[in-house]
Amino acid sequence: MELFTPDFGLVFWMFVAFILLFLVLAKWGWPVIIKMMDQRASTIDQGVEDARQAKEQLDNARSEAQKYVAEAQARQAEMLREAAKMKTEIIEQAKTEAAEAARKEMDAAKASIEQARKEAELQFRNEVGKFSIDIAEKMVRSQMKSSDAQTELVNKLLDEIQKN
């Protein structure tokens, strides 16, 4: 049973160690922790105050926006009255400008598509050429392992050069 019941000396030294630890924490640890908690609380309070001010600014901005909307609606009504007078003239001008703009956009799109097609075709040709060279190189290496094959290839190439 002595494993479960500590000696008086052990209890005494544990109590002394606890008291020393408590005094060290009370002297140096707790003030730092309390200071940090106070700083955090002031940061939170400042954040709440900033949020309140932002809400006020948002409310002011909304009221100003409503004023601008009302003013814009009044201007819109005036413009609509003027637009009714010049309706046919503006419609014809807009149709002409729209057709010209559409034509320009179509021409630009066609040129862009053609350029992209040419670039893709060039890239495709380059890649096919590279693959062809790689394949040919591998085939020549595999077929030219013996010196007889190399001699035969050189003779064939010399014959072709003499014919041309």
Side-chain angles (χ1 to χ4, degrees), residues 1-87 90-91 93-142 145:
M1 284 307 270
E2 19 179 281
L3 289 177
F4 297 114
T5 57
D7 286 338
F8 176 74
L10 177 64
V11 170
F12 173 76
W13 286 114
M14 286 175 60
F15 183 71
V16 168
F18 176 75
I19 294 298
L20 286 174
L21 179 63
F22 182 78
L23 290 174
V24 167
L25 284 176
K27 176 74 174 171
W28 291 289
W30 290 111
V32 171
I33 293 171
I34 297 299
K35 179 182 172 187
M36 294 304 289
M37 287 175 49
D38 288 342
Q39 285 178 350
R40 178 68 180 151
S42 67
T43 302
I44 291 171
D45 290 341
Q46 183 63 36
V48 169
E49 181 62 26
D50 290 345
R52 186 189 60 75
Q53 289 176 357
K55 185 180 182 308
E56 287 176 6
Q57 289 176 353
L58 180 63
D59 291 340
N60 290 339
R62 283 185 182 158
S63 65
E64 286 182 29
Q66 287 175 351
K67 288 178 194 176
Y68 290 135
V69 166
E71 185 179 316
Q73 287 174 346
R75 287 183 186 172
Q76 180 184 15
E78 183 181 330
M79 290 176 146
L80 286 174
R81 285 189 295 272
E82 290 176 16
K85 295 176 185 174
M86 300 179 351
K87 178 180 172 182
I90 292 174
I91 289 174
Q93 183 182 4
K95 283 182 182 179
T96 305
E97 289 175 3
E100 182 65 24
R103 186 187 57 77
K104 286 180 181 178
E105 287 292 324
M106 290 296 290
D107 291 343
K110 284 179 185 177
S112 174
I113 290 170
E114 183 64 24
Q115 180 67 25
R117 185 190 62 77
K118 286 180 181 178
E119 288 175 4
E121 185 177 301
L122 180 62
Q123 182 180 4
F124 179 72
R125 284 184 183 179
N126 288 340
E127 288 182 19
V128 167
K130 182 180 174 188
F131 288 140
S132 298
I133 290 172
D134 289 344
I135 291 170
E137 180 183 351
K138 288 178 183 177
M139 286 179 57
V140 168
R141 280 188 185 165
S142 68
K145 288 186 179 177

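- Applying the side-chain hydrogen bond (donor to acceptor under 3.5 Å, both in side chains) test to pairs two or more places apart or on separate chains, none has a residue in residues 33-43.
- Every residue meeting the side-chain hydrogen bond (donor to acceptor under 3.5 Å, both in side chains) condition with Gln115, not counting sequence neighbours, appears here in chain and number order: Glu119.
- To the nearest 0.5 Å, atom CG of residue Leu23 and atom CZ of residue Phe18 are 9.5 Å apart.
- By the side-chain contact (heavy atoms from CB on, under 4.5 Å) test, Ile133 is found to be paired with no residue, residues two or more places apart in sequence or in another chain being considered.
- Under the side-chain contact (heavy atoms from CB on, under 4.5 Å) criterion, Ile91 pairs with Lys87, Lys95, sequence neighbours left out.
- Among pairs with a residue in residues 98-116, those fulfilling salt bridge (charged side-chain N to carboxylate O under 4.0 Å, His left out) read Glu100-Arg103, Arg103-Asp107, Glu114-Arg117, at least two apart in sequence or across chains.
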Donor-acceptor pairs under 3.5 Å, side chain of residues 61-77 to any protein atom, not counting sequence neighbours: which ones?
residue : atom : partner : partner atom : Å
Ser63   : OG   : Asn60   : O            : 2.7
Glu71   : OE2  : Arg75   : NH2          : 2.7

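- Pro31 and Ala26 get closest at one heavy-atom pair: CD-O, 3.5 Å.
- Take Glu78 and apply the side-chain hydrogen bond (donor to acceptor under 3.5 Å, both in side chains) test, not counting sequence neighbours, and it matches no residue.
- With sequence neighbours left out, Leu122 forms a side-chain contact (heavy atoms from CB on, under 4.5 Å) with Asn126.
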Ignoring hydrogens and angles, write down the donor-acceptor pairs under 3.5 Å from the side chains of residues 45-52, residues two or more places apart or on other chains.
residue : atom : partner : partner atom : Å
Gln46   : NE2  : Asp50   : OD1          : 3.0
Glu49   : OE1  : Arg52   : NE           : 3.4
Glu49   : OE2  : Arg52   : NE           : 3.4
Glu49   : OE2  : Arg52   : NH2          : 2.2
Glu49   : OE2  : Gln53   : NE2          : 3.4
Arg52   : NH1  : Glu56   : OE2          : 2.3

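- The side-chain contact (heavy atoms from CB on, under 4.5 Å) check on Leu21 picks up Leu25, with sequence neighbours excluded.
- With sequence neighbours left out, Lys55 forms a salt bridge (charged side-chain N to carboxylate O under 4.0 Å, His left out) with Asp59.
- Proximity of a side-chain donor or acceptor of Ser112 to a complementary backbone N or O of Ala108 within less than 3.5 Å is not detected.
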